[in-house]
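Before any comments, here is the structure.
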Protein chains: 2
Amino acid sequence: MKGYLWTGGDPGSQSTVPPPDNGRLAPYEAIAVEAVGNVIEFWGFKRNQGRVWGLLYLRGEPLTAGEIERELDLSKGGVSMLLRDLERWGVIQRVRVPQDTVWRYAAETDLVRMVTHVVEEREAAFVTRIRADLSEARRLAEAAGGVPPERLRKLERMATLAEHVERALRLFIKTSRLDVAGVLGAFRDGALGRKGDR
Amino acid sequence: MKGYLWTGGDPGSQSTVPPPDNGRLAPYEAIAVEAVGNVIEFWGFKRNQGRVWGLLYLRGEPLTAGEIERELDLSKGGVSMLLRDLERWGVIQRVRVPQDTVWRYAAETDLVRMVTHVVEEREAAFVTRIRADLSEARRLAEAAGGVPPERLRKLERMATLAEHVERALRLFIKTSRLDVAGVLGAFRDGALGRKGDR
DNA sequence: CATATAGTTCAAGACCGCGTGAACTGCACC
DNA sequence: GGTGCAGTTCACGCGGTCTTGAACTATATG
């Protein structure tokens, strides 16, 4: 079992078997949370980052680390790191409820923006690099001499190809942004008691 | 060392240290091959699948498994599996040179088509599934009753979002295809002594 | 100041995918 | 039939990533 909250607690009170994990997530919540987890993983982040954000978003009200830990069955340390990441990305916000001592965390609605942003950076940089490599290869090949022109043509073609993919990629991101903008509008008012400052 | 060709061979003849891997790949070849490897890995395939294809494409003429093994410093078994995969995807072709007993492998020019194809399948199916999950979650939530309408709205929004991402994705693939088509045309004649039958 | 709880950090370990290399099959040639 | 090489299959191990859990710091409370 993972829980780590009641350090000295007597675990035998509720039931002998570790309570089957997700403390109390309603089935529909579990599904939704997993869905977000999958999406986010798909885009190259950690699954659990998505799950945490999903939970926070769905719940609407800020949760404490302990609650997240329990609901999502994660370790204390893990939650801490996940929250830090998400905060750095700007997709959750750390809030302090009046006269309460613990931090709570609330979902920003910018998950999409973050994803497209990061993806943009990552992918674009990557594809650009590839292109550069291929140019370099062609340069080298030319310099070396004795390389059949046939091959030079191939290298050139590969580079061109990369260029085109790059263009398509950028277009995708832009489109995705635009296309999603409308949704985001509606989305935005779903944010709860915090201002969307970023 | 990886080489595995001369089973009973005396490895001491050439030099005491294992010949520094990539048998004879020209620097420019190495770069190009790695570039393809990176791209392909980026799209969720195995890096070495890309490297193999890259080598075959660049070389133009069909190579034997042994040659690939040596040039790319892979194991016999590995090469076999990689080639099988690539052949299944239809991006390389197994050819038998007249009066020669070994198989040789030649690059098809359809790498791009394959990538977009597979990506299409994978991603689209994936995103679709997410959407389905989210709908399901909403259904469950409604059925369960007692779920604040606030939440229902959120679930709905997530689903809508997924839908939009899906649309953008499809568009991307289509664009990429079109955009790349021109290049492919030029590409195509780069294929050597084999018919582009598929 | 002592104690308890919230939060952070990081080494150790679980987990997973890939490639290796050995055993095996198949085929050709002698 | 036997030898040798091309090709396939698969259990194992290596290397990477993610998570855990314990030690540690910070902060509040009596």
Side-chain angles (χ1 to χ4, degrees), chain A residues 1-9 11 18 21-22 37-38 40-52 62-88 92-105, chain B residues 1-11 18 21-22 37-38 40-52 62-88 92-105 122:
Chain A
M1 73 145 67
K2 285 34 177 308
Y4 188 73
L5 276 181
W6 330 269
T7 33
D21 287 353
N22 17 16
N38 289 332
I40 232 54
E41 183 178 31
F42 183 79
W43 289 112
F45 302 85
K46 297 192 209 165
R47 157 183 219 78
N48 280 331
Q49 290 169 346
R51 297 211 308 147
V52 169
L63 301 186
T64 68
E67 284 162 342
I68 297 171
E69 180 186 337
R70 210 176 316 110
E71 300 286 26
L72 261 30
D73 187 39
L74 296 170
S75 70
K76 189 174 152 87
V79 169
S80 173
M81 292 184 344
L82 293 171
L83 287 174
R84 193 154 47 66
D85 293 341
L86 291 173
E87 200 186 355
R88 248 205 344 247
I92 68 172
Q93 221 182 247
R94 177 188 293 234
V95 301
R96 178 86 78 175
V97 178
Q99 74 252 22
D100 192 350
T101 175
V102 302
W103 284 109
R104 293 174 178 274
Y105 303 85
Chain B
M1 72 143 67
K2 288 28 181 314
Y4 188 72
L5 275 182
W6 330 269
T7 32
D10 148 30
D21 287 351
N22 16 17
N38 289 332
I40 232 54
E41 184 178 31
F42 183 80
W43 289 112
F45 301 86
K46 296 190 207 164
R47 156 182 221 79
N48 280 331
Q49 289 169 347
R51 298 211 308 147
V52 169
L63 300 186
T64 68
E67 285 162 342
I68 297 172
E69 179 186 337
R70 211 176 315 111
E71 300 286 27
L72 263 30
D73 186 39
L74 295 169
S75 70
K76 191 174 152 82
V79 171
S80 172
M81 292 183 346
L82 293 171
L83 288 174
R84 193 153 48 65
D85 293 341
L86 291 174
E87 200 186 354
R88 248 208 339 250
I92 67 172
Q93 222 182 245
R94 178 187 292 232
V95 301
R96 178 87 77 175
V97 179
Q99 74 251 25
D100 192 351
T101 174
V102 303
W103 283 109
R104 292 174 177 273
Y105 302 86
R122 259 207 321 238

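Note that these values count all heavy atoms, side chains included, but never hydrogens, waters or copies made by symmetry. Here the structure is a predicted model, which is why all the values come from computation and not from measurement.
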Round to the nearest Å and state the distance from [X] atom [atom1] to [N] atom [atom2].
X: B:R94; N: D:dA6; atom1: CZ; atom2: P; answer: 14 Å
X: A:Q49; N: D:dT17; atom1: CD; atom2: P; answer: 14 Å
X: A:E41; N: D:dC18; atom1: CD; atom2: P; answer: 9 Å
X: A:Y105; N: C:dA6; atom1: OH; atom2: C1'; answer: 9 Å
X: B:E87; N: D:dT8; atom1: CD; atom2: C1'; answer: 13 Å
X: B:Q99; N: C:dC29; atom1: CD; atom2: C1'; answer: 16 Å
X: B:L63; N: D:dG7; atom1: CG; atom2: P; answer: 12 Å
X: A:L82; N: D:dC18; atom1: CG; atom2: P; answer: 11 Å

Test side-chain contact (heavy atoms from CB on, under 4.5 Å) applied to A:I92 and A:L83, step by step: CA-CA 8 Å; A:I92 68 172; A:L83 287 174; 3.5 Å; yes

Phosphate contact (C:dC18 OP1 or OP2) by B:N48 side-chain N/O below 4.0 Å: no

Residue whose nearest DNA chain D nucleotide is more 5′ - A:T101 or A:K46: A:K46

Most 5' of A:R47 and A:R96 on DNA chain D, judged by nearest nucleotide: A:R47

Evaluation steps, side-chain contact (heavy atoms from CB on, under 4.5 Å), between A:I68 and A:L82: CA-CA 11 Å; A:I68 297 171; A:L82 293 171; over 6 Å; no

Spacing of OG1 belonging to A:T64 relative to CD belonging to A:E69, to within rounding of 0.5 Å: 8.5 Å

Value rounded to 0.5 Å, distance of CZ in A:R84 from CD in A:Q49: 11.0 Å

Identify all side-chain donor-acceptor contacts of residues 95-102 of chain B below 3.5 Å with residues at least two apart in sequence or on another chain.
| unit_1 | atom_1 | unit_2 | atom_2 | d |
| --- | --- | --- | --- | --- |
| B:R96 | NH1 | B:T101 | O | 2.2 |

B:L72 side chain reached by B:V52 side chain, heavy atoms, under 4.5 Å: yes

Close side-chain approach of B:L63 and B:R104, heavy atoms under 4.5 Å: no

Candidates D:dG21, C:dT20, C:dG7 - which lies nearest the side chain of B:L74: C:dT20

All N/O contacts under 3.5 Å from nucleotides 9-12 of chain D to the protein, with atom names and distances to one decimal?
| unit_1 | atom_1 | unit_2 | atom_2 | d |
| --- | --- | --- | --- | --- |
| D:dT9 | OP2 | B:R84 | NE | 3.2 |

